[in-house]
Amino acid sequence: ATLSLPCWGYGIRYTYGIFKQEIANGWQVEKPDYWLGKPVPWEIPRPDITYPIRFGGTVEDYTDEKGTHRQRWVGGEIMQAMAYDNP
């Protein structure tokens with residue numbers, strides 16, 4: 001950004017952000033950061049763009065039709081994730 005170069009990036013929009021840090025009895029304690037409960041003015045929802053994402057499952061090895069060794073993700077639960085733009 002500081003060089004004014006065009007770029008494109010992707011990120012995960014976690015529900016609870018990273019975490020809030022507190023110190024209790026001399027120890028660090030992590031608690032959820034409910035950042036999405038507050039307005040996020042720089043995010044633009046894109047309900048017209050969704051991506052299938054998979055939770056759980058396993059990775060299995062296989063050989064494709066050309067004899068190349070590959071892996072694929074199988075099983076688990078598939079959900080649709082909605083895109084957000086961050087200009």
Side-chain angles (χ1 to χ4, degrees):
T2 59
L3 297 176
S4 298
L5 298 173
C7 66
W8 195 269
Y10 296 93
I12 298 175
R13 191 173 182 266
Y14 293 103
T15 299
Y16 299 116
I18 298 177
F19 61 86
K20 282 186 182 181
Q21 177 182 340
E22 295 180 6
I23 304 297
N25 298 320
W27 293 92
Q28 175 177 311
V29 179
E30 292 88 16
K31 296 190 174 183
D33 179 3
Y34 301 103
W35 73 282
L36 288 178
K38 304 168 196 151
V40 184
W42 56 85
E43 286 190 329
I44 302 168
R46 297 292 304 271
D48 56 316
I49 301 174
T50 61
Y51 298 94
I53 60 170
R54 192 181 301 260
F55 290 96
T58 59
V59 176
E60 68 178 20
D61 296 314
Y62 73 102
T63 303
D64 69 14
E65 63 280 349
K66 295 180 181 179
T68 303
H69 179 76
R70 298 193 178 271
Q71 293 82 31
R72 64 179 152 224
W73 195 353
V74 297
E77 180 180 0
I78 299 174
M79 301 179 78
Q80 293 296 314
M82 185 175 78
Y84 281 75
D85 282 344
N86 290 285

Is there a side-chain contact (heavy atoms from CB on, under 4.5 Å) between I23 and V29 once you walk through the steps? CA-CA 6 Å; I23 304 297; V29 179; over 6 Å; no

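Shortest non-hydrogen contact noted between R54 and W73 is O-CH2, 3.2 Å. Taking every heavy atom of both residues into account, T50 and M82 meet most closely at CG2-CA, 4.2 Å.
A salt bridge links R70 with D64: the closest approach of a Lys/Arg side-chain nitrogen to an acidic carboxylate oxygen falls below 4.0 angstrom. The pair R72-E60 meets the salt-bridge criterion, since a charged nitrogen lies less than 4.0 angstrom from a carboxylate oxygen.
To the nearest 0.5 angstrom, Q71 atom CD is 5.0 Å from D61 atom CG. In this structure, CD in Q28 is found 10.5 Å from CD in E22, a value given to the nearest 0.5 Å. Put simply, CD1 on I53 and CD on E77 are 9.5 Å apart, with the number rounded to the nearest 0.5 Å. D33 CG to K20 NZ: the interatomic distance, rounded to the nearest 0.5 Å, is 6.0 Å.
Using a 4.5 Å cut-off on side-chain heavy atoms (C-beta onward), P52 and M79 make no contact.
With sequence neighbours left out, the side chain to side chain contact (heavy atoms under 4.5 Å, CB included) criterion links P41 to no other residue.
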